[in-house]
Asker: 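The structure's right below; bear with me while I get my questions together.
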Amino acid sequence: MTNRITIAQAAQFVDQTVEVPGWLYNLRKSGKIVFPILRDGTGLMQCVAMKNNLPEEVFESLKHLTQESSLIVTGKLRAESRAPGGYEMDVEAVEILQKVSEADPYPITPKEHGTEFLMDHRHLWLRSQRQHAIIRVRHEIIKATRDYFDNNGFTLVDTPIFTPAACEGTTTLFEVNYFDDEKAYLTQSGQLYNEANAMAFGKVYCFGPTFRAEKSKTRRHLTEFWMVEPEMAFADLEEIKRVAEQFVVYIVGRVLDRRREELKVLERDTSKLELVQSPFVRMSYDDAVKNLQANGSEIQWGGDFGGGDETILTRQFDRPMLVDRFPSEIKAFYMAPDPDRPEVALGVDVLAPEGYGEIIGGGQRIHDPELLLRRIEEHKLPKEAFDWYIDLRKYGTVPHGGFGMGIERAVAWICGLEHIRETIAFPRMLYRLRP
RNA sequence: UCCUGAGUAGCUCAACGGUAGAGCAUUCGGCUGUUAACCGAAGGGUUGUAGGUUCGAAUCCUACCUCAGGAGCCA
């Protein structure tokens, strides 16, 4: 019985005859010799078939095989420096599962394509090398994220996707029918529920999809994206900043450690990632505004950063920066004010370098019951909807806080991508719901 | 939602008022070490849609549709 292996295992089976199931990635031929390149999801393997060593019909069927046809090849493996991947198979037998029709060939050829075409064929585009590299880095970031929190005393407590109302009043929500006469909304943050979980478990995190119905049309926005949100009881702003920084250092380190090959495929300048070490740059909002004004920005104290502002700031440093103490006015109702300066909130953003900008937003939450009630009123929010949230401040309230990191933004930064759309298998954007 | 730009062969693009073209892909032929292989040939088009200007429109004008980039908002 012949061993069935994956291409990634080739090195362990040199000089043995094995069978490899996969898809035809490309085929080069030269008269009496053909080089089918096989793809199986774990890598690429070049095969060699010579007319003189094979039955006529086997050689002919291989010679006319079309791109992405599915097949199982059997043959002997050899180390071969000329072959991509370093190993090559001398074909002995071929079983073709399906030959892709010449009348309707695989649309994504080895030549260049535009983004519209590729996005329309996203279900097939995922077969390409570059997409594999990105999705594997994403996988590593997610695994590292879970490992980081699991190893640091956090309990995973996921929060609901269906919610009865806005978590944060400002942004738009996707509305869905919830049975007969009730409306529900897709969550845009697990944070409020996370606070309840933190009061139950101490340190928690949730990790799941979130939805924003904002009509944002930029290279940094998805309408459906994944967010990890840790929340800690008994934590102040300094502790939140410490965890955020240590977490970012950890995930970048893990990708450098385990996904070098993928970063190479993506032509990522890893020297930039090596610099992601503690301590990060720390700057108050006040200083950031002064810095921006000195560098030509129109920003006034009290305003939020524009996309250009983040670029101006982050280009000055080679590692991520933590910006804290934003004006309370521009932040959510639950943000704790600085006791020494009530006009600023104890919030923090982590801005990725190289112009990537905000990947993390978070801060300390209000734990004083009366202040929270006042803020709910000031923001004209329906108090009844927040009864349970207010309860958290009635039964043993403690200082607490946390942050959220958008996974896709982190992936885009770590992979060095131009656009967030490639960081998730099937991106959902303002004008893209299909495939 | 607003601003800017682009829609020509399956794909990537050229032709910018006078008979619509190339490379890749597909088919056929050639080649025993190719590396997005190469060489030769063939098929392939209501130029996004609708209207207008003109003797004549892919090309100029108007509207609409689609996509991309940016703004605002955010992770």
Asker: Any N or O donor-acceptor pair linking the side chain of A:R220 to the base of B:C73 at under 3.5 Å?
Answerer: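 Donor-acceptor pair under 3.5 Å: no.
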
Asker: Along nucleotides 5-12 of chain B, 5' to 3', which nucleotides get a B, which get an S, and which get a -, given that the test is a protein heavy-atom distance under 4.0 Å?
Answerer: ------SS

Asker: Under 3.5 Å, is there any donor-acceptor pair linking the side chain of A:S216 to the base of B:C74?
Answerer: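 There is none.
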
Asker: A:W125: which residues meet the ring pair (Phe, Tyr, Trp, His ring centres under 6.0 Å) condition with it, sequence neighbours left out?
Answerer: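 Counting only residues at least two positions away or on another chain, A:W125 forms no ring pair (Phe, Tyr, Trp, His ring centres under 6.0 Å).
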
Asker: Specify the residues of residues 28-37 of chain A, ordered by number, for which at least one heavy atom lies under 4.0 angstrom from an atom of RNA chain B.
Answerer: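 Heavy-atom cutoff 4.0 Å gives A:R28, A:K29, A:S30, A:G31, A:K32, A:I33, A:F35.
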
Asker: Touch check for A:E88, heavy atoms < 4.0 angstrom, all strands: base, sugar-phosphate only, or nothing?
Answerer: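 Result for A:E88 = base.
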
Asker: Using a heavy-atom cut-off of under 4.0 Å over every strand shown, decide if A:D349 touches base, sugar-phosphate, or nothing.
Answerer: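 Contact class for A:D349: none.
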
Asker: Kindly point out which of B:G69, B:C67, B:C73 is positioned nearest to the side chain of A:Y431?
Answerer: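 Output: B:C67.
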
Asker: Using a 4.0 Å heavy-atom cut-off across all strands, classify A:D104 as base, sugar-phosphate, or nothing.
Answerer: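 A:D104: no heavy atom of the nucleic acid under 4.0 Å.
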
Asker: Within this structure, what is the CZ-to-P distance between A:R78 and B:G33, rounded to whole angstrom?
Answerer: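 Whole-Å distance recorded here is 14 Å.
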
Asker: Name the nucleic acid region contacted by A:T210, choosing base, sugar-phosphate or nothing; use a 4.0 angstrom heavy-atom cut-off, strictly under.
Answerer: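 Nothing, no nucleic acid heavy atom in range.
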
Asker: Is A:M50 touching bases, backbone alone, or none of the nucleic acid, heavy atoms closer than 4.0 Å?
Answerer: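 Touches a base.
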
Asker: Heavy-atom count check: over 12 atoms from other residues, nucleotides or ligands less than 6.0 Å from A:K76 NZ?
Answerer: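 No - once you tally the heavy atoms of other residues, nucleotides and ligands closer than 6.0 Å, there are 12 at most.
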
Asker: Would you find a donor on one side and an acceptor on the other, under 3.5 Å apart, between the side chain of A:K203 and the backbone of A:N152?
Answerer: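 It does hold such a pair.
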
Asker: Do the side chain of A:D40 and the main chain of A:I7 share a donor and acceptor less than 3.5 angstrom apart?
Answerer: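 Yes; at least one donor-acceptor contact below 3.5 Å.
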
